[in-house]
Q: 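Here's a structure for you.
Below, read A as the first sequence line, B as the second, and so on, with proteins coming before strands; counting in each chain starts at 1.
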Amino acid sequence: MADLHPYRTHTCNQLRKEDAGKTVRLSGWMFRLRDHGGILFVDLRDHYGITQIVVHPSRSFFGLVEKAHLESVITVTGEVKLRDPETINPDLPTGEIEIEANELVMESASAVTPIYIPDEKADESEEMRLKYRFLDLRREKLHKNIMLRSQVIRFLREQMWAKGFNEFQTPILTASSPEGARDYLVPSRIHRGQFYALPQAPQMFKQLLMVSGFDRYFQIAPCFRDEAARADRSPGEFYQLDIEMSYATQDEIFAVVEDVVSATFRKFSTWTCNAAPWPRIKYRDAMMVYGSDKPDLRNPLKWFDMSDFFRRANFKAFAACVEHGGLVKGLLVKGIVGVETRTWFDKREAFVKENGGKGLGYISWTRDGELKGPIAKFLSPEQLEEMKSLAKMEPGDCLFFMAADPDECHRLSGLVRTNIADNMTNDVREHGCYKFCWIVDFPFFEKDPETGKIIFSHNPFSMPQGGLKALNEMPPLDIVAYQYDVVCNGIELSSGAIRNHLPEVMYKAFEIAGYTKDVVEQKFGALHSAFQFGAPPHGGIAPGVDRMVMLLADTANIREVIAFPMNQKAQDLMMNAPNFVTEQQLRELHIKIRGTDGETRVP
RNA sequence: GGGCUCAUCGUUCAUCGGUUAGGACCUCGGACUGUCGAUCCGAAGAGGGGAGUUCGAUUCUCCCUGAGCCCGCCA
């Protein structure tokens, strides 16, 4: 046996009945132990699988194994034996054999683990799981998620290379960027009082690579933003499949993403995907129909504009709303009258009020032909008839109404659309599918609700449709940009734009948003400078890697697809980051901590 | 910055203001030569911190601390 590899000749998912009789060596963790007094069974686990080890009482190491804690790492040498037919375990790929241990080495004894690894359904606090992440990652579910992530990233890379894209690295220590999210700052030791920033995205670098003539760029790019986390938003840092293309039209960029993302979802999930080209929904239509710029298209419910109808109808509350610039929308829900109870309808209305709305009107067409509901009595028989044909209503259907200022109306209608679908007795949503769509034509500018100022609504790098002419001639709020998102099942997967590579257009756009030429040249110095020397028209996009894997793993929490995530407060509980540093370190960085409770604490 | 929910053995979940604070898993001890979430017997092990209400608080109230989710934020 001296010629065997010191740790293993096979993995724990390799041996089959054909291997019977071989002398083998396996290493792994003691996953489970079944102690029958006279005989021990150890489920030996490694990355690949599980193999049963049998330890007979005559062996010198019998006592060692019997007393060992689970999760200890051992190396076992022994003979592959066929199991008796009645002891075959059909649940294990290696279930037809077992290893009869002749030698055993305790490589690394484990203490009692704070979480019990075999219990996949255990529901420890996330705090506990994050603190002992290296243990949680041993569990099959999480281990698989991280492997899925690894394979997805590999596949994304392969596809990008195959499409002629080149992979580049861009700096991690860079300059603080104007606009956008809060930067993570890194103090400079050499330059007193100056700071680097971690990139929120390699946005300017990838554009500069286009100016440098590299034509097609991609990177699995780390992005850092010092903003609050959510269940679907990783705190601090996340990864994007960052893409930029020279001389590309919006349609060409869409085609690349449709190809790459579709292929990825088809490869790594059994769920169906809607075929490319994906629906392209204008931002304004998305807000009108779905009340959201990230609609879940598995939900078939759609709002439509009834402002014109209610302007003419003699229901004063809605007519007044429309007169004052508001919006009235209708949502037809088929076949729920007589299915859902009065309480159900009351709950929908209560939901709207909880979310700041005035209420939720509706008219039900009962199975015996009556039109009922809080609003029905305000409409004349002719108007009710018009409403029915407008909404394509049938007996058993209910028409909901939302009336408010446009922004508020969209917001509430989006919430209601989801709330109704979530609570219907007969679920109308599709399941087991990924529904992709493009949201296009985002507004270039919007009005700051607090100051009333015109501000960039998405990002100042994108090209306004109509170019300089539009900026000069159109009301700013009517201008749309070559700015687009990919949305899948209600999750924003990706965001991108055809860039603005023309200095004059930059100046004008920033002027409308209240910035002078100087500011443009100062804040976007490199980009502005680069555009003076021949810049190719270019555009790009950046699908979120974490979110793609999250959808593929069918988990609601993005931390389930990140090996070492931070908690919602952007703390790494395992590494204890962030943490205090020594006075010496602070001195080198010319930093003094402000305030009373933030005194420098030396660990 | 704000809102909601939560905090009990190592873990997880119970417990009407009066209980020897209970179960499951883990742990420890014992039995057991074919199990595979082994089984059986036994044992150990808990109210985050601080105020208050009360004859009496794990339970009610407030503050602090910590956690999760949401809003703001995330061009």
Q: Among B:G68, B:C70, B:C36, find the nucleotide with the atom closest to the side chain of A:Asp43.
A: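 Looking only at side-chain atoms, A:Asp43 lies closest to B:C36.
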
Q: Take the protein atom CD of A:Glu140 and the nucleotide atom P of B:C36, then report the distance between them rounded to whole Å.
A: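 My rounded result for the distance is 19 Å.
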
Q: Go through B:G34, B:C73, B:G66 for me and flag the one nearest to the A:Glu227 side chain.
A: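 Nearest nucleotide to the side chain: B:C73.
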
Q: Where the side chain of A:Ala228 is concerned, which of B:U12, B:C74, B:G72 is the nearest nucleotide?
A: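 Side chain of A:Ala228 sits closest to B:G72.
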
Q: Taking only the P atom of each, what is the distance from B:G56 to B:G3 in whole angstrom?
A: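 Going atom to atom, P in each nucleotide, I get 33 Å.
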
Q: Specify the residue among A:Arg225 and A:Ala231 whose closest nucleotide of RNA chain B lies further upstream toward the 5′ end.
A: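 Taking each residue's closest nucleotide, the earlier one in sequence belongs to A:Ala231.
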
Q: Any chance the side chains of A:Gln14 and A:Arg8 put a donor and an acceptor closer than 3.5 Å?
A: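 On atom types as modelled, these side chains do not qualify, holding no pair under 3.5 Å.
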
Q: Between A:Arg499 and A:Glu244, is the closest basic N to carboxylate O distance under 4.0 Å?
A: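 A salt bridge links A:Glu244 with A:Arg499.
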
Q: For every nucleotide of nucleotides 41-49 of chain B, 5' to 3': is a protein heavy atom under 4.0 Å from its base (B), only from its sugar-phosphate (S), or from neither (-)?
A: ---------

Q: Nearest of B:C74, B:C73, B:C36 to any side-chain atom of A:Asn89?
A: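 The closest nucleotide is B:C36.
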
Q: Check this for me, if you would: do A:Lys294 and A:Glu492 make a salt bridge, where the nitrogen-to-carboxylate-oxygen distance has to be below 4.0 angstrom?
A: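 A:Glu492 and A:Lys294: not salt-bridged.
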
Q: Just to confirm, is there a sub-4.0 Å distance from OP1 or OP2 of B:A67 to any side-chain nitrogen or oxygen of A:Asn567?
A: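 For A:Asn567, the contact criterion (side-chain N or O under 4.0 Å from OP1 or OP2 of B:A67) is met.
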
Q: Should the pair A:Asp441-A:Lys282 be classified as a salt bridge under the 4.0 Å nitrogen-to-oxygen rule?
A: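 Counted as a salt bridge, because a side-chain N and a carboxylate O are separated by less than 4.0 Å.
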
Q: Using the P atom as the point on both nucleotides, what is the distance between B:U27 and B:G10, in whole Å?
A: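 Looking at atom P only, B:G10 and B:U27 are 15 Å apart.
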
Q: What I want to find out is whether A:Arg559 reaches A:Glu126 closely enough, with some N-O distance under 4.0 Å, to be called a salt bridge.
A: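 Judged by the 4.0 Å cut-off on N to carboxylate O distance, A:Arg559 and A:Glu126 do form a salt bridge.
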
Q: Report the nucleotide, chosen from B:U35, B:G72, B:C26, that has the shortest atom-to-atom distance to any side-chain atom of A:Phe41.
A: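 Of the options given, the side chain of A:Phe41 lies nearest B:U35.
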
Q: Determine the Euclidean distance between corresponding C1' atoms of B:G45 and B:C26; express it in Å to zero decimal places.
A: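 B:C26 and B:G45 have their C1' atoms separated by 11 Å.
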
Q: Can you identify which nucleotide, out of B:C69, B:G66, B:C36, has its nearest atom closest to the A:Glu127 side chain?
A: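 Nearest listed nucleotide: B:G66.
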
Q: Between atom CG in A:Asp226 and atom C1' in B:C73, what is the gap in whole Å?
A: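 In whole Å, B:C73 C1' and A:Asp226 CG are 11 Å from each other.
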
Q: Which part of the nucleic acid, if any, lies within contact of A:Arg129, taking any heavy atom under 4.0 Å across all strands shown: a base, the sugar-phosphate backbone alone, or nothing?
A: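 Nothing: the residue A:Arg129, judged by heavy atoms under 4.0 Å, touches no strand.
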
Q: Consider the side chain of A:Thr87, meaning its heavy atoms from C-beta on, and name the nucleotide among B:U12, B:G68, B:C36 that approaches it most closely.
A: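 Shortest atom-to-atom distance from the side chain points to B:C36.
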
Q: Once you measure the plane-to-plane angle for A:Phe254 and A:Trp438, does it fall in the parallel (<30°), tilted (30-60°) or perpendicular (>60°) bin?
A: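 If you compare the ring of A:Phe254 with that of A:Trp438, the planes turn out parallel.
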
Q: Is the aromatic ring of A:His36 within stacking range of B:G34, meaning centres under 5.5 angstrom and planes under 30 degrees?
A: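 No; by the centre-distance and plane-angle rule, A:His36 does not count as stacking on B:G34.
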
Q: Are A:Glu71 and A:Arg138 close enough for a salt bridge, meaning some N to O gap below 4.0 Å?
A: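 Salt bridge between A:Glu71 and A:Arg138, a charged N being under 4.0 Å from a carboxylate O: yes.
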
Q: Between A:Arg233 and B:C73, does any side-chain N or O lie under 4.0 Å from OP1 or OP2?
A: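 The answer is no; no side-chain N or O of A:Arg233 sits under 4.0 Å from OP1 or OP2.
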
Q: Would you say the base of B:C26 stacks on A:Tyr116 (centre-to-centre below 5.5 Å, plane angle below 30°)?
A: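 Stacking is absent between B:C26 and A:Tyr116, given that the ring centres and planes do not meet under 5.5 Å and under 30°.
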
Q: For A:Lys131, enumerate each residue passing the salt bridge (Lys or Arg N to Asp or Glu O under 4.0 Å) test, keeping only those at least two apart in sequence or located in another chain.
A: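 Per chain and number, A:Lys131 pairs via salt bridge (Lys or Arg N to Asp or Glu O under 4.0 Å) with no residue.
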
Q: Cut-off 3.5 Å, side chains only: do A:Tyr48 and A:His10 have a donor facing an acceptor?
A: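 Absent: no donor and acceptor within the cut-off.
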
Q: So if I take every side-chain heavy atom of A:Gln52 and compare against B:C26, B:U35, B:C71, which nucleotide ends up nearest?
A: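 Closest nucleotide among those given: B:U35.
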
Q: Sort out for me which residue in A:Met245, A:Lys206, A:Gln207 forms a side-chain contact (heavy atoms from CB on, under 4.5 Å) with A:His538.
A: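 Only match with A:His538 under side-chain contact (heavy atoms from CB on, under 4.5 Å): A:Gln207.
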
Q: From the set B:G34, B:C69, B:U12, return the single nucleotide nearest to any side-chain atom of A:Gln568.
A: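 My answer, after comparing the listed nucleotides, is B:C69.
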
Q: Mind checking the P distance from B:A7 to B:C62? Whole angstroms is fine.
A: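 Nearest-Å result for B:A7 against B:C62 at atom P: 15 Å.
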
Q: Anything below 3.5 Å on both distances counts as a pair; with that, list the stems of at least three consecutive Watson-Crick or G-U pairs involving RNA chain B.
A: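 In RNA chain B, stems of three or more pairs: B:1-7 with B:65-71, B:10-13 with B:22-25, B:27-31 with B:39-43, B:48-52 with B:60-64.
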
Q: Of A:Ser457 and A:Arg559, whose nearest nucleotide on RNA chain B comes first from the 5' end?
A: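 Upstream on the strand: A:Arg559.
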
Q: Please classify the nucleic acid contact of A:Ser462 as base, sugar-phosphate, or nothing, using heavy-atom distances under 4.0 Å.
A: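 Contact class for A:Ser462: none.
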
Q: Nearest to the A:Arg83 side chain among B:U12, B:C71, B:U35, which nucleotide is it?
A: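 Within the option list, the nearest is B:U35.
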
Q: Using a cut-off of 4.0 Å on non-hydrogen atoms, how would the nucleic acid contact of A:Pro460 be classed: base, sugar-phosphate, or nothing?
A: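 Counting heavy atoms under 4.0 Å across all strands, the contact made by A:Pro460 includes a base.
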
Q: Please determine whether a side-chain nitrogen of the Lys or Arg among A:Arg129 and A:Glu124 lies less than 4.0 Å from a carboxylate oxygen of the Asp or Glu.
A: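 No, no charged N to carboxylate O under 4.0 Å.
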
Q: Rounded to the Å, how far apart are A:Lys569 NZ and B:G68 P?
A: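 Computing the A:Lys569:NZ to B:G68:P distance gives 7 Å.
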
